[in-house]
Amino acid sequence: MLKYVAKRLIQGLLLLMLFLALLYILLDAQPGDISLQLSANPRLPPEAQEIVRERLGLDQPLLGRTVTYVLNFFQGDLGLSFTQYPRTVGSVILEKLPRTILLFLSATILAYYMGFALGKVMAWRRGKTVETGLTLGGVAAYTVFYPWFAILMLWFWGFQFGLFPLGKFIDVDEWTGAPMAANRVFMRMLISLGILGLVLGAVSLLAHRLPPERGEQVARYGPPLVLVAFLAFWWLSPLRSYVADIAHHTLLPVLTLASVQFAGVMLLTRASMLETLKEDYILTARAKGLPQRDIRNRHAARNALLPVVTSLVLALSFVIGGGILTEGIFSWPGIGGQLLDATLTEDIPLATGTLGVIGIIALVGHLISDVLYMYLDPRIRTS
Amino acid sequence: MTDTLTAPPEVPEQEPLGSIEEPLWRVRLRLTKRSLVQNWKLFVANRIGLVGLVMIVIFALMAIAHPILMATVWPSQIYHPINGYDAPVSEKLVVEEVTDPVTEVDLTTARIQYGPFTEIGETVSISQQPAPPSFGGPNPHYLGTDPLGRDVLSQLLYSTRSAFFLGLIAAMVTVVFATVVGSVAAFFGGWVDSVLMRLADLILLVPLLPVLIVVSALFRISLPLLGLLIGILSGFGGTAIILKSQALQVTVKPFLDAARIAGGGNGHLILRHVIPNVLPLSFLYMMFTVTDAIALEATLSFLGLLSIPMSWGIMISIARTQGYLLGSLEYWWLLVPAGLAVSLLAAAFFLVGRAMDEVVNPRLRQR
């Protein structure tokens with residue numbers, strides 16, 4: 001298993017290098033280069049222009065520059081941002097990356113959870129009104145013009161009802177006199193969420209390992225208890241109001257992104273369940289007289305899960321695209337929004353740097369879904 | 001609906017396959033027609049697919065209607081989707097507190113827009129941009145005008161044509177790339193297969209939207225070029241991988257060996273035997289490419305990154321940049337028609353694709 005993961009990791013690294021090289025070649029293919037901007041001063045003699053080009057390494061052949069770019073990228077040197085001049089691209093991205101990760105991760109988890117639960121029901125009730133309604137809703141959510149949908153959500157929930165703030169990440173007025181910077185509070189939130197996820201995973205693992213009666217009890221009472229403990233921790237902490245402010249700003253973008261993503265998962269789960277339901281072992285389970293719920297959840301759904309997990313890879317592009325638009329529309333200061341800003345202001349180093357990091361996110365997502373797939377499919381796990 | 005599905009699809013009377021005298025093309029034509037009729041029945045059995053098809057036809061009619069309307073009833077200087085201009089004039093009562101923005105106007109606005117000596121209680125005629133839908137007058141604007149005084153309906157119809165144009169290019173490029181790459185990789189195997197599939201992996205891995213965003217910052221992208229880019233990226237990525245697995249099933253069939261023994265070369269085998277067998281699946285994924293292409297174009301022009309004169313995305317982008325977003329019910333005609341058009345056309349192609357999926361993939365059919 002470890003060998004498989006290692007192999008995947010190396011493949012991923014090679015792909016990333018290729019991607020970065022292609023990115024640089026694309027960048028190089030645009031007319032003109034940065035030295036023309038720096039040496040645009042007509043009083044600069046040609047020799048001085050040549051020195052500028054040499055200092056920037058632009059006199060090297062394309063291959064050499066590409067290799068330099070890729071190597072620099074791996075050393076974390078992504079160049080300087082034009083629009084935020086003294087800052088490096090790396091520091092801009094490092095500041096914004098956690099917020100993007102939170103947005104993508106929570107929306108994806110929510111979407112897959114909801115989509116799988118509903119898709120299961122859809123396939124089980126094929127031909128009923130529930131299915132038709134969910135199909136229509138799913139197709140509508142899947143094909144709706146996303147920026148438009150996000151704007152309508154923002155208008156409806158944020159403006160018309162005033163339930164949520166109109167974008168941004170914090171309410172600046174509330175943060176005057178805050179004991180620490182918003183980013184540090186946010187990092188703590190992220191870490192606590194990670195711990196929450198780990199504890200929930202441990203609880204469900206425990207529920208599987210224990211004898212059935214005890215296990216069922218753990219599965220029923222464990223997660224709510226952990227959640228209550230989690231909420232109580234933040235309720236009692238001195239940073240309560242600040243954490244609540246960030247959470248308040250996070251909720252609407254996450255829900256908007258998830259509600260579009262979940263449709264694809266739901267439709268796919270339905271198709272996959274329909275194929276599984278035709279298998280002989282479902283007939284066997286029915287013949288044995290097992291309760292319908294057990295057939296649905298244990299026999300059909302668990303096998304239908306595999307293609308859905310594979311689709312995680314195919315949907316990744318969709319998720320990332322949606323995430324970028326979400327960040328743009330909700331003024332969410334993550335790297336997707338930064339990519340849009342950098343593109344519109346022609347801050348080329350920042351734009352390519354963020355694109356490279358988005359490529360890494362896609363790669364990591366790819367890797368995670370591969371490992372998940374292996375974990376879920378014993379045929380791959382044991383071989 | 002269920003009745004037609006439970007019974008196996010009706011096969012028309014088995015006609016004799018033709019005697020020796022009958023030319024081969026006629027036999028082929030009859031076989032093609034028979035399979036078309038069968039598949040059509042399967043397709044129609046799924047009402048949702050039919051709904052999608054009807055929606056596509058309606059949009060196609062809209063696209064055709066625009067040049068006709070421009071040539072007959074719509075004078076170009078008023079209704080041209082890009083250069084047209086009209087500022088509908090409406091009579092308004094000057095009041096202190098505006099309760100009905102359609103018929104009333106407050107003093108300050110009236111003094112700015114009409115004349116500095118306007119008093120409360122007077123009726124003034126104010127020209128408006130954006131103007132709400134109007135049905136009377138010499139130049140009715142059924143969907144109002146945009147913030148620059150251009151007719152929204154005309155823009156909507158004009159953009160339909162470019163959406164179809166883009167979808168067509170993207171779809172054709174996808175089909176060509178995906179079928180050729182998939183078939184060649186499956187047929188030859190070995191290093192050709194490895195190279196092509198690793199390349200497809202790379203393209204699949206790269207998220208489409210951010211790449212297009214950055215590319216559009218570096219280069220000028222027109223509509224045909226965008227179609228080409230989307231077609232290549234989606235045709236060479238996921239679709240090629242799926243088609244390759246389909247083509248692999250074809251390459252192990254006995255008829256391929258038979259053709260090879262009969263003396264068929266590689267080109268002949270691929271063109272006449274492998275490609276025709278993967279083409280139906282290819283057309284299926286073409287539908288999904290069209291959905292993606294329409295959404296992507298609208299998104300990119302919504303962000304103002306394409307050099308396209310007019311499209312649905314640009315209509316929403318204008319409403320956004322001119323600041324009409326959050327009053328969206330008051331200025332609904334700026335946001336709703338274009339947004340609905342993008343969503344509905346994308347949904348229509350998606351629905352047709354789904355219905356085709358059930359035709360092509362027997363495992364999805366009910367029973």
Side-chain angles (χ1 to χ4, degrees), chain A residues 11-12 15 18-19 22-23 26-27 29-31 126-127 132 135-136 139-140 142-149 151-152 154-155 158-160 166 267 271 274-275 278 313-314 316-322 324-325 328 336 339-340 342-344 346 348 351-352 354-355 358-359 361-363 366, chain B residues 1-2 48 52 198-199 201-202 204-219 237-238 291-292 294-296 298-299 302-305 312-313 316-317 320 325-329 335-336 338-351 354 357 361 363-364 366-367:
Chain A
Q11 270 182 3
L15 273 178
L18 200 58
F19 173 61
L22 284 177
L23 191 64
L26 188 76
L27 189 66
Q30 68 160 331
R126 182 165 201 186
T132 320
T135 307
L136 284 179
V139 170
Y142 187 71
T143 56
V144 73
F145 179 37
Y146 185 70
W148 183 62
F149 175 74
I151 287 169
L152 288 186
L154 189 61
W155 169 74
F159 185 72
Q160 205 69 7
L166 295 173
L267 294 175
L274 285 181
E275 290 199 17
K278 280 192 196 150
V313 181
L314 294 167
L316 211 61
S317 175
F318 188 75
V319 174
I320 290 174
I324 289 171
L325 292 171
L339 175 77
L340 277 180
T343 310
L344 291 172
E346 305 211 339
I348 303 296
T352 44
T354 34
L355 184 59
I358 287 172
I361 294 180
L363 252 173
H366 206 127
Chain B
M1 186 172 148
T2 26
I48 289 183
R198 289 296 82 76
L199 210 59
D201 269 349
L202 178 69
L204 178 69
L205 183 71
V206 174
L208 204 51
L209 184 68
V211 169
L212 284 177
I213 287 175
V214 171
V215 168
S216 62
L218 300 178
F219 307 97
T291 304
D292 286 351
I294 291 169
L296 275 172
T299 307
F302 166 78
L303 299 170
L305 291 169
W312 290 326
I316 299 181
S317 169
R320 180 195 190 208
L325 264 196
L326 290 183
S328 55
L329 268 203
L335 275 179
V336 176
L340 266 187
V342 179
S343 308
L344 286 181
L345 189 56
F349 277 103
F350 181 73
L351 290 177
R354 256 172 64 99
D357 204 3
N361 183 359
R363 284 174 66 89
L364 284 179
Q366 211 159 18
R367 256 169 283 277

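In what follows, every chain begins at residue 1, and chains take the letters A, B, ... in the order their sequences are listed.
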Counting only heavy atoms closer than 4.5 Å, note whether [X] contacts chain B via side chain, backbone, both or neither.
X      : result
A:L363 : both
A:I348 : side chain
A:F149 : neither
A:L15  : both
A:A29  : both
A:L22  : side chain
A:T135 : side chain

What is the distance from atom [atom1] of [X] to atom [atom2] of [Y], rounded to the nearest 0.5 Å?
X      : Y      : atom1 : atom2 : answer
A:T143 : B:L351 : OG1   : CG    : 7.0 Å
A:L18  : B:L199 : CG    : CG    : 7.5 Å
A:W155 : B:L335 : CH2   : CG    : 10.0 Å
B:I316 : A:F145 : CD1   : CZ    : 4.5 Å
A:I320 : B:L209 : CD1   : CG    : 10.0 Å

| Options B:L212, B:L296, B:L340, B:L344, ranked by heavy-atom pairs under 4.5 Å with chain A, top entry |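 Ranked by heavy-atom pairs under 4.5 Å with chain A, first place is B:L340.
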Report which part of [X] has an atom under 4.5 Å of a heavy atom belonging to chain A: side chain, backbone, both, or neither.
X      : value
B:L303 : both
B:A347 : both
B:T299 : both

| Considering all heavy atoms, the nearest A:L26-B:V215 contact | CD2-CG2, 3.6 Å
| note | Correct closest heavy-atom pair for B:R354 and A:L267 would be NH1-CD2, 3.7 Å
| Winner by heavy-atom pair count (cut-off under 4.5 Å) against chain B, out of A:V319, A:V139, A:L344, A:I324 |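 That would be A:V139.
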